[in-house]
Amino acid sequence: MKKNMGSRLGLYPTPVVLVGVYDSSGKPNVLTLAWVGVACSEPPCIQISVRKERWSHDAIEAKAAFSVNVPSSKYVAEVDYAGIASGRDADKFQVSGLTAVKGEVLDVPLVKEFPVSMECKLVHTARLGSHDLYVGEIVACWMEESVAGQGAKVNAKEFSPLIYMPGGEYYGLGEFLGNGFNAGKKFLKK
Ligand SMILES: Cc1cc2nc3c(=O)[nH]c(=O)nc-3n(C[C@H](O)[C@H](O)[C@H](O)COP(=O)(O)O)c2cc1C
């Protein structure tokens, strides 16, 4: 039996990423975001939602650019730290031991240790309420060679992505269950 929980979010799980931006003093900063997703394939775009009170919020708008850095599961503590400390009063790269590398195309800091980093140009902003939604067009996607597979396919085991259950729980990837655009084919024959 399903119960109506009213008007509330019900999307589980979500990705969890570190978004990077240089702040007004030029310091590289990262904040943790779970409100993130793919927005478009062509051009490749990603969407992030940021509360106005975050230190990174104004910096994203000032730079009209940000990076999206996708962690592997071993960085759970670093990811969580970036979500409980603010760049207002901490140098999160220095404290966590992560390394900031400047993007090649845009003026954004990338997280060197994470297997995937995307340089994103801000192309749309929507003021939705608690969060401002930013759509970034991906102008460069940096992938660790060990995880980069064929085309859009990445090596899931090597990647070992970190997954978030809103409410406050991190998980790793579960077992392989089937191939996309294939597992449903048995119903096509009916
Ligand atoms: C798991 C996790 C997910 C988060 N997701 C978001 C999010 O999607 N949007 C947001 O504005 N803040 C989110 N936060 C909170 C920010 O990361 C946090 O307020 C951070 O300290 C802001 O950093 P800044 O002030 O340096 O920009 C999340 C925090 C955690 C731990």
Side-chain angles (χ1 to χ4, degrees), residues 7-40 45-103 106-120 122-136 138 159-174:
S7 170
R8 51 160 284 178
L9 291 167
L11 184 63
Y12 298 87
T14 68
V16 60
V17 299
L18 292 193
V19 161
V21 67
Y22 289 107
D23 72 9
S24 49
S25 70
K27 184 183 73 179
N29 188 40
V30 273
L31 86 161
T32 308
L33 293 187
W35 289 180
V36 54
V38 171
C40 186
C45 292
I46 197 160
Q47 62 191 63
I48 61 169
S49 286
V50 182
R51 279 188 185 266
K52 290 168 186 57
E53 53 266 36
R54 309 301 184 220
W55 180 239
S56 309
H57 176 275
D58 291 3
I60 291 169
E61 298 202 6
K63 287 280 179 189
F66 56 88
S67 70
V68 175
N69 304 273
V70 191
S72 50
S73 53
K74 65 181 172 190
Y75 293 108
V76 61
E78 288 82 354
V79 167
D80 196 60
Y81 166 70
I84 53 179
S86 176
R88 246 182 223 105
D89 34 54
D91 182 336
K92 295 192 222 178
F93 276 103
Q94 204 200 0
V95 172
S96 66
L98 294 174
T99 314
V101 182
K102 195 172 171 305
L106 300 172
D107 191 20
V108 290
L110 311 176
V111 179
K112 186 177 170 207
E113 289 80 3
F114 288 8
V116 177
S117 293
M118 290 164 272
E119 297 183 41
C120 305
L122 179 62
V123 290
H124 294 288
T125 299
R127 315 255 178 234
L128 299 180
S130 60
H131 291 65
D132 284 341
L133 179 137
Y134 300 124
V135 177
I138 301 160
F159 199 131
S160 182
L162 186 63
I163 287 156
Y164 186 64
M165 285 294 279
E169 293 173 336
Y170 299 100
Y171 287 87
L173 192 65

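Computed over heavy atoms, backbone and side chain alike; hydrogens, waters and symmetry mates excluded. Atoms within each ligand, like the ligands themselves, are counted from 1 in listed order. Bear in mind that the values here come from a model prediction, so they are computed numbers and not experimental data.
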Check each of Val30, Thr14, Thr32, Val19 against atom 6 (C) of ligand 1 and report the one with the nearest heavy atom.
->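 When every heavy atom of Val30, Thr14, Thr32, Val19 is considered, Thr32 comes closest to atom 6 (C) of ligand 1.
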Between His57, Lys52, Arg54, which one has a non-hydrogen atom sitting closest to atom 12 (N) of ligand 1?
->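 Nearest option to atom 12 (N) of ligand 1, by heavy atoms: Arg54.
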Do ligand 1 and [X] have nitrogen or oxygen atoms that lie under 3.5 Å from each other?
| X | answer |
| --- | --- |
| Trp55 | yes |
| Leu31 | no |
| Ala34 | yes |
| Arg88 | no |
| Ser86 | yes |
| Arg51 | yes |

Under 3.5 Å: donor-acceptor pair, side chain of [X], backbone of [Y]:
| X | Y | value |
| --- | --- | --- |
| Ser73 | Gly172 | no |
| Lys52 | Gly129 | yes |
| Ser117 | Leu110 | no |
| Asn69 | Leu18 | yes |
| Glu119 | Leu106 | yes |

Salt bridge present between Lys27 and Asp91 (N-O < 4.0 angstrom) |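 So Lys27 does not pair with Asp91 through a salt bridge.
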Do the charged groups of Glu61 and Arg127 touch, with an N to O distance under 4.0 Å?
->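 Salt bridge present between Glu61 and Arg127.
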Closer than 4.0 Å to some heavy atom of [X] - which atoms of ligand 1 meet that?
| X | value |
| --- | --- |
| Val50 | 11 (O) |
| Tyr164 | 1 (C) |
| Ser49 | 7 (C), 8 (O), 9 (N), 10 (C), 11 (O) |
| Asp80 | 31 (C) |
| Asn29 | 24 (P), 26 (O), 27 (O) |
| Ala82 | 17 (O), 20 (C), 21 (O) |

Ala59: heavy atom below 4.0 Å from ligand 1, yes or no?
->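 Contact check Ala59 vs ligand 1: negative.
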Assess the side chains of [X] and [Y]: does a donor N or O sit below 3.5 Å from an acceptor N or O?
| X | Y | value |
| --- | --- | --- |
| Tyr170 | Asp80 | yes |
| Ser160 | Ser72 | no |
| Trp55 | Asn29 | no |

Quick test: of every protein heavy atom, which one is nearest to [atom], and how far off is it to 0.1 Å?
| atom | value |
| --- | --- |
| atom 8 (O) of ligand 1 | Trp35 N, 3.0 Å |
| atom 7 (C) of ligand 1 | Leu33 CD2, 3.2 Å |
| atom 18 (C) of ligand 1 | Gly83 O, 3.3 Å |
| atom 26 (O) of ligand 1 | Gly87 N, 2.7 Å |
| atom 27 (O) of ligand 1 | Ser56 OG, 2.5 Å |
| atom 21 (O) of ligand 1 | Ala85 O, 2.7 Å |
| atom 1 (C) of ligand 1 | Tyr170 OH, 3.3 Å |

Of all heavy-atom pairs between Pro166 and Pro13, which one has the smallest distance, and what is that distance?
->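 Distance-wise, the nearest heavy atoms are CD-CA, 4.4 Å.
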Atom of Lys92, atom of Ala85 and distance for their closest heavy-atom approach =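 Residues Lys92 and Ala85, closest heavy atoms: NZ-O, 2.7 Å.
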Option passing side chain to side chain contact (heavy atoms under 4.5 Å, CB included) with Phe114 (candidates Leu98, Thr99, Val17) =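 The residue from Leu98, Thr99, Val17 that satisfies side chain to side chain contact (heavy atoms under 4.5 Å, CB included) with Phe114 turns out to be Leu98.
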Measure Lys92 to ligand 1 on non-hydrogen atoms and call it side chain, backbone, both or neither using the 4.0 Å cut-off.
->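 Contact part for Lys92 vs ligand 1: side chain (C-beta onward).
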With a 4.0 Å heavy-atom cut-off (strictly under), which part of Ile48 contacts ligand 1: side chain, backbone, both or neither?
->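 The answer is neither; Ile48 stays 4.0 Å or more away.
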Decide if atom NZ of Lys74 counts as having more than 12 heavy atoms of other residues, nucleotides or ligands within a radius under 6.0 Å.
->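 No, because the 6.0 Å sphere around NZ of Lys74 holds 12 heavy atoms or fewer from other groups.
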